[in-house]
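Hydrogens, waters and symmetry mates are skipped; everything else that's a heavy atom, side chains included, is used. Per chain, numbering begins at 1; letters A, B, ... match sequence-line order.
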Amino acid sequence: MKLIVTRPEHDITTRFISRWSELYFDMARKKSIEICDLKGNKATKKELIGRLKKLNPELVILNGHGGDDCIAGHENEVLIRSGENENVLKSRVTYAISCNSAKVLGNKFKDCDKTAYIGYSDKFIFTLNFNNSTRPLKDERAKPFMESSNHVIESLLKGHTAKEASDRSKSTFKKNFIKLLSSNSDPDAIQDAQFLWWDMRHQVCIGNGDKKL
Amino acid sequence: MGISDDKKNDGNNINIDEEIRELVMARLKILDRNTIISIGSDGKFSPDELITHVEKGDDIGEKISEIQMEWLRAFKEGIIK
């Protein structure tokens with residue numbers, strides 16, 4: 001089994017998501033899954049399309065900025081755009097950790113019985129502590145967001161279907177925002193809970209929810 | 001619904017929007033000063049920068065207000081307990 005992940009790192013948002021992605025690499029390797037890691041300046045359209053054709057991976061993870069109809073990579077180069085090249089994601093499970101892309105791009109797969117697309121239909125928002133800008137994995141503010149998002153991939157790797165993986169991720173978002181709400185009256189915790197709830201609410205699974213790796 | 005009712009409702013909505021904006025700014029003001037809020041491709045913002053966007057009522061400010069409003073609605077409807 002194979003997976004491709006794009007990990008642009010050209011700004012603080014992409015750098016945080018990229019670093020937290022490394023946490024599921026070990027799990028994938030233990031399951032003998034071959035990882036094609038398009039990190040930093042390798043997260044380009046040419047590299048991604050070439051590797052998709054060559055490796056034919058079952059799982060595609062796209063980290064990067066997005067819009068309603070696209071997902072971008074290094075320096076915001078558009079990698080996949082609806083109506084242009086979304087077919088490269090057909091017959092695969094895709095998880096897009098980017099804003100808005102489920103709205104139009106993901107929706108292209110709504111009637112595809114061989115494809116599953118998990119993504120966000122609105123802004124993917126998270127908070128972090130400026131003092132940890134260079135140490136993303138040490139950041140306790142970002143942790144509940146990244147942990148909840150990563151749960152999609154961990155669940156897929158464990159053999160759950162796409163819909164189950166999304167539901168399990170949403171449960172983690174919920175667990176985390178309830179924990180923040182109930183633990184104290186710290187204004188940072190309440191604000192973070194609000195954004196976690198927002199992300200959970202806009203995570204969607206489109207296409208064949210029964211598809212698994 | 002008559003014209004006068006429409007106007008009355010519009011007035012109420014304006015008040016609600018303004019109250020939501022004030023609530024959002026009040027909440028942002030008390031966040032830890034080291035907080036960074038990442039809003040995808042719109043960028044990263046300090047609480048003070050977000051307050052400016054909310055004051056201006058631009059797209060970023062409106063998004064933050066929308067999140068606040070949806071959150072309050074979810075509480076009211078018992079979706080969040």
Side-chain angles (χ1 to χ4, degrees), chain A residues 8 10-17 63-68 70-72 76 78 96-101 120 122-133 136 139-142 145-146 174 177-178 180-182 185-202, chain B residues 12-81:
Chain A
H10 56 276
D11 59 21
I12 197 166
T13 297
T14 50
R15 196 162 60 244
F16 262 66
I17 295 172
N63 298 338
H65 294 304
D68 290 359
C70 67
I71 295 175
N76 296 330
V78 172
I97 306 123
S98 71
C99 298
N100 297 54
S101 75
Y120 295 86
D122 209 300
K123 299 287 182 192
F124 180 80
I125 300 177
F126 68 93
T127 54
L128 59 101
N129 185 321
F130 178 75
N131 294 331
N132 290 323
S133 299
D139 197 281
E140 289 296 320
R141 295 285 298 272
F145 295 89
M146 301 300 150
K174 189 173 182 179
F177 78 66
I178 286 172
L180 285 171
L181 279 181
S182 58
S185 55
D186 170 12
D188 294 337
I190 293 167
Q191 185 60 71
D192 291 358
Q194 197 180 81
F195 290 142
L196 280 163
W197 170 79
W198 177 262
D199 292 339
M200 176 196 77
R201 200 162 162 264
H202 291 95
Chain B
N12 283 344
N13 286 341
I14 290 165
N15 285 341
I16 290 167
D17 286 351
E18 194 49 46
E19 281 169 15
I20 291 285
R21 251 197 294 273
E22 282 172 13
L23 179 59
V24 168
M25 289 191 284
R27 290 179 71 150
L28 290 170
K29 273 177 193 161
I30 54 172
L31 292 182
D32 185 300
R33 294 296 94 187
N34 290 313
T35 299
I36 296 286
I37 298 131
S38 161
I39 312 180
S41 53
D42 288 333
K44 62 170 176 68
F45 304 91
S46 67
D48 287 341
E49 286 169 334
L50 273 191
I51 288 168
T52 305
H53 285 288
V54 175
E55 277 172 342
K56 280 186 197 166
D58 61 16
D59 287 350
I60 295 162
E62 287 296 303
K63 180 56 69 181
I64 297 299
S65 298
E66 181 193 343
I67 294 168
Q68 179 72 45
M69 198 138 69
E70 295 285 321
W71 171 259
L72 293 174
R73 189 173 293 139
F75 256 108
K76 188 183 165 197
E77 291 170 1
I79 297 164
I80 303 167
K81 291 172 185 168

### Message
Is the shortest side-chain heavy-atom distance between B:Thr35 and A:Gln191 below 4.5 Å?
### Response
no
### Query
With a 4.5 angstrom heavy-atom cut-off, which part of A:Ile12 approaches chain B: side chain, backbone, both or neither?
side chain
### Summary
One option among B:Gln68, B:Glu70, B:Arg33 has the most heavy-atom pairs under 4.5 Å with chain A, and it is B:Glu70
### From CG (A:Asn131) to CG (B:Asp32), nearest 0.5 Å
8.0 Å
### Contact class of A:Tyr120 relative to chain B, heavy atoms under 4.5 angstrom
neither
### Query
With a 4.5 angstrom heavy-atom cut-off, which part of A:Ile190 approaches chain B: side chain, backbone, both or neither?
both
### Query
Roughly how far, to the nearest 0.5 Å, is CG of B:Asp42 from NE2 of A:His65?
9.5 Å
### Task
Kindly indicate whether the side chain of B:Trp71, heavy atoms from C-beta on, has any atom under 4.5 Å from the side chain of A:Arg201.
no
### Query
Out of curiosity, B:Arg27 CZ to A:Asp188 CG, how far, rounded to the nearest 0.5 Å?
11.0 Å
### Task
Measure the shortest side-chain to side-chain distance between B:Lys44 and A:Phe130 over non-hydrogen atoms and say whether it is less than 4.5 angstrom.
no
### Query
If you round to the nearest 0.5 Å, how far is CD1 of B:Ile67 from NZ of A:Lys123?
10.0 Å
#### Entry: A:Thr13 versus B:Gly40, closest heavy-atom pair with distance
OG1-O, 4.4 Å
#### Entry: Distance-minimising heavy-atom pair for A:Gly66 and B:Ser41
O-OG, 3.9 Å
### Task
With the side chain counted from C-beta on, respond yes when B:Ile36 and A:Phe126 share a heavy-atom pair under 4.5 Å apart, and no when they do not.
no
### Message
Is A:Ala72 close to chain B through its backbone or its side chain, or both, or neither, when contacts mean heavy atoms under 4.5 Å?
### Response
neither
### Query
Atom CG of A:Asp122 and atom CD of B:Glu66: how far apart are they, to the nearest 0.5 Å?
6.0 Å
### Query
Which region of A:Phe177, side chain (C-beta onward) or backbone (N, CA, C, O), has a non-hydrogen atom less than 4.5 Å from a non-hydrogen atom of chain B, or is it both or neither?
side chain
### Closest non-hydrogen atom pair, B:Ala74 against A:Trp197
CB-CZ2, 3.5 Å
### Query
Are the side chains of B:Leu31 and A:Thr127 in touch, meaning some heavy atoms are under 4.5 Å apart?
no
#### Entry: Segment of B:Ile64 engaging chain A (4.5 angstrom heavy-atom cut-off)
side chain
